2 protein chains.
Amino acid sequence: MAANILVVEDEPAIQELLAFNVTQCGFRAIQAMDVASATAEINRALPDLILLDWMLPDTPGVELARRLRADQRTRNIPIIMLTARTDERDKVMGLESGADDYITKPFSPRELMARIRAVLRRRMPQMSEDTVRAEGLELSPTTHRVSANGSSLDLGPTEFRLLHFFMTHAERVYSRAQLLDQVWGDHVFVEERTVDVHIRRLRQAMEPSGLDRLVQTVRGSGYRFSSN
Amino acid sequence: MAANILVVEDEPAIQELLAFNVTQCGFRAIQAMDVASATAEINRALPDLILLDWMLPDTPGVELARRLRADQRTRNIPIIMLTARTDERDKVMGLESGADDYITKPFSPRELMARIRAVLRRRMPQMSEDTVRAEGLELSPTTHRVSANGSSLDLGPTEFRLLHFFMTHAERVYSRAQLLDQVWGDHVFVEERTVDVHIRRLRQAMEPSGLDRLVQTVRGSGYRFSSN
DNA sequence: GATCGCTGTCACACAACTGTCACAATACTT
DNA sequence: AAGTATTGTGACAGTTGTGTGACAGCGATC
């Protein structure tokens with residue numbers, strides 16, 4: 001879930017520092033030095049968050065923030081304002097113009113990163129009742145619990161994700177490669193046979209409840225979650 | 001610690017009016033304009049009471065009420081329905097869907113507040129003294145005291161807030177980052193592992209009473225407060 | 001200004017999980 | 001029936017995540 005972060009800052013040194021830290025934290029940094037190029041970048045692809053300097057060569061940062069808030073498509077993009085000013089009125093102005101958070105220079109990289117993460121977390125909340133039920137199984141991501149016919153199952157993280165995927169994608173057959181993409185992530189490189197091992201571990205955990213039959217092998221194709 | 005009241009109302013003017021009155025009475029108002037954002041707020045932190053408008057842009061209020069009643073975690077949250085209708089059948093429907101009380105617009109703020117207090121008194125007697133009880137634990141924010149099975153616990157400020165958060169948000173798993181946000185605050189920057197240390201200190205304090213098992217580790221995800 | 005309690009951080013110990021392999025068991029093919 | 005491809009299984013070592021004790025900084029209190 002590498003979020004794209006647009007960094008709008010005219011001072012090259014600070015721009016570099018920001019980009020470095022942002023990248024370091026696993027986000028993708030898109031750089032812009034003024035409002036004009038920032039607007040161009042935003043039109044090209046909507047970023048997930050914007051780090052916006054207060055003072056910019058062409059237009060004040062607040063002005064950009066206000067414009068983004070007025071536009072339907074960009075209304076919900078979180079904005080963190082950067083400024084050298086500590087004036088309380090400016091802070092109010094920044095937040096009123098639609099910024100989600102506000103940070104004054106000089107700032108510690110760690111503080112900045114923490115704020116970025118906090119804002120992203122706040123803006124991307126999980127959905128409602130996410131408990132999945134099927135065939136006597138009940139799995140809830142929020143409580144991180146699984147129960148089979150009442151008694152609770154003890155699964156490792158990978159088996160948990162695997163079962164969750166299966167329960168939300170029942171009946172259909174998935175190849176080992178597909179399961180690796182979906183459960184492990186596309187960027188991870190592991191042997192396909194590793195899937196077999198985790199399938200086995202999952203079945204083993206489900207065996208006491210007799211529900212291990214739900215995880216079926218489709219020879220030559222992959223695995224399937226089904227009651228038949 | 002004042003009760004959190006979630007106000008779900010799409011009309012901005014009424015939303016403001018409600019929030020103002022609720023705040024005036026010493027409660028904390030959390031605002032939502034539709035069922036979707038209300039659901040998000042509920043998942044973020046369980047409110048102590050919900051003021052729910054009948055007509056909402058995305059989904060009928062009754063529908064949300066029904067969903068909340070179906071979920072274990074939200075079953076006991078009191079709901080007061082707001083509506084412009086005076087139709088007797090609607091009243092029945094509202095109460096049948098699980099609402100605790102029902103009030104028709106236009107209403108006097110004083111009447112509304114009276115009903116809120118009445119419902120809170122009825123639904124959570126301990127709420128009037130804002131004491132939280134669970135599993136032999138008793139925590140009182142006002143007196144800043146905790147007791148486990150009768151004998152009092154000696155907690156530091158952070159451990160106290162941590163336990164309070166856990167007790168009011170049982171079952172659900174929270175990541176270290178979420179705990180930092182909720183217990184330390186968004187703007188505080190400390191290492192995630194610091195959470196581990198305070199968890200340990202909390203467990204240590206609860207150990208003599210044997211209640212340290214309530215604070216559970218969910219490997220790879222975070223921590224959870226639960227009796228199972 | 002010394003003491004005390006609390007906090008955040010670190011280093012290390014310990015435990016759980018992961019991916020991989022070798023080999024056994026099974027299913028298909030000829 | 002033998003041979004081949006595919007999957008199941010147990011073991012193992014490296015990796016990652018968590019528990020724990022120690023410690024220094026910081027305010028508050030006296």
Side-chain angles (χ1 to χ4, degrees), chain A residues 26 108-111 113-114 144 146 153-166 173-208 212-225, chain B residues 144-146 152-166 173-181 183-208 212-225:
Chain A
S108 79
R110 210 168 64 185
E111 175 181 356
M113 288 311 122
H144 208 277
V146 201
L153 289 192
D154 191 24
L155 299 181
T158 305
E159 285 74 38
F160 188 88
R161 290 200 309 275
L162 186 57
L163 179 57
H164 185 221
F165 177 78
F166 271 139
V173 180
Y174 289 92
S175 69
R176 292 172 176 72
Q178 286 175 312
L179 288 172
L180 283 178
D181 279 359
Q182 300 284 331
V183 179
W184 275 254
D186 352 7
H187 53 286
V188 188
F189 173 71
V190 288
E191 287 294 323
E192 292 204 341
R193 292 297 314 272
T194 299
V195 174
D196 296 34
V197 178
H198 284 278
I199 288 281
R200 175 181 154 273
R201 288 172 181 157
L202 178 56
R203 281 171 172 161
Q204 208 163 4
M206 297 172 75
E207 198 180 332
D212 56 312
R213 64 183 178 80
L214 294 176
V215 180
Q216 303 170 349
T217 304
V218 180
R219 191 182 171 84
S221 301
Y223 296 95
R224 172 178 54 198
F225 183 84
Chain B
H144 211 274
R145 280 174 188 283
V146 203
S152 83
L153 288 192
D154 190 26
L155 298 181
T158 306
E159 285 75 38
F160 186 87
R161 289 201 309 278
L162 187 56
L163 178 58
H164 185 224
F165 177 78
F166 271 139
V173 178
Y174 290 91
S175 69
R176 291 172 176 72
Q178 286 175 312
L179 289 172
L180 284 177
D181 278 0
V183 178
W184 275 255
D186 293 9
H187 349 295
V188 183
F189 320 101
V190 290
E191 287 293 323
E192 292 203 341
R193 290 296 315 272
T194 299
V195 174
D196 296 33
V197 178
H198 284 277
I199 288 280
R200 174 178 157 274
R201 288 172 181 158
L202 177 56
R203 280 172 172 160
Q204 213 161 15
M206 296 171 76
E207 197 179 332
D212 55 313
R213 67 185 177 80
L214 294 176
V215 180
Q216 304 170 348
T217 304
V218 180
R219 191 187 170 85
S221 299
Y223 295 96
R224 172 179 53 198
F225 183 84

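Note on naming: letters A, B, ... go to the chains in the order of the sequence lines (proteins, then strands), and numbering restarts at 1 for each one. For clarity, every value in this text was computed on a predicted model and none was experimentally measured.
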Result block: side-chain N/O donor-acceptor pairs under 3.5 angstrom for residues 178-189 of chain A, not counting sequence neighbours:
| residue | atom | partner | partner atom | Å |
| --- | --- | --- | --- | --- |
| Q178(A) | OE1 | S175(A) | N | 2.9 |
| Q178(A) | OE1 | S175(A) | OG | 3.4 |

Quick tally for nucleotides 20-30 of chain D: nucleotides whose base has a protein heavy atom under 4.0 Å get B, sugar-phosphate-only ones S, the rest -, giving BBB--------
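Looking at R203(B) and T217(B), their side chains come closer than 4.5 Å, going by heavy atoms from C-beta outward.
The separation between E192(A) atom CD and dC21(C) atom C1' is 16 Å, rounded to whole Å.
Remark: R213(A) pairs with no residue by the side chain to side chain donor-acceptor pair (under 3.5 Å) rule, at least two apart or across chains. Remark: R224(A) engages Q216(A) in a side chain to side chain donor-acceptor pair (under 3.5 Å) (not counting sequence neighbours). For F160(A), the ring pair (Phe, Tyr, Trp, His ring centres under 6.0 Å) partners at least two apart in sequence or on another chain are H144(A). Not counting sequence neighbours, S221(A) has no partner by the side chain to side chain donor-acceptor pair (under 3.5 Å) test.
Checking dG19(D), dG19(C), dG8(C) against every side-chain atom of V190(B), the shortest atom distance belongs to dG8(C).
F160(A) comes within 4.0 angstrom of no nucleic acid atom, judged by non-hydrogen atoms across all strands. Using a 4.0 Å heavy-atom cutoff across all strands shown, E159(A) reaches sugar-phosphate atoms only and no base atom.
Side-chain N/O atoms of R219(B) and base N/O atoms of dT16(D) include a donor-acceptor pair closer than 3.5 Å.
Note on T217(B): every side-chain N or O is 4.0 Å or more away from OP1 and OP2 of dT18(D). Remark: W184(B) is not in phosphate contact with dT7(C), judged by side-chain N or O atoms under 4.0 Å from OP1 or OP2. Considering only side-chain N and O atoms, Y223(B) lies nowhere under 4.0 angstrom from the phosphate OP1 or OP2 of dG17(D).
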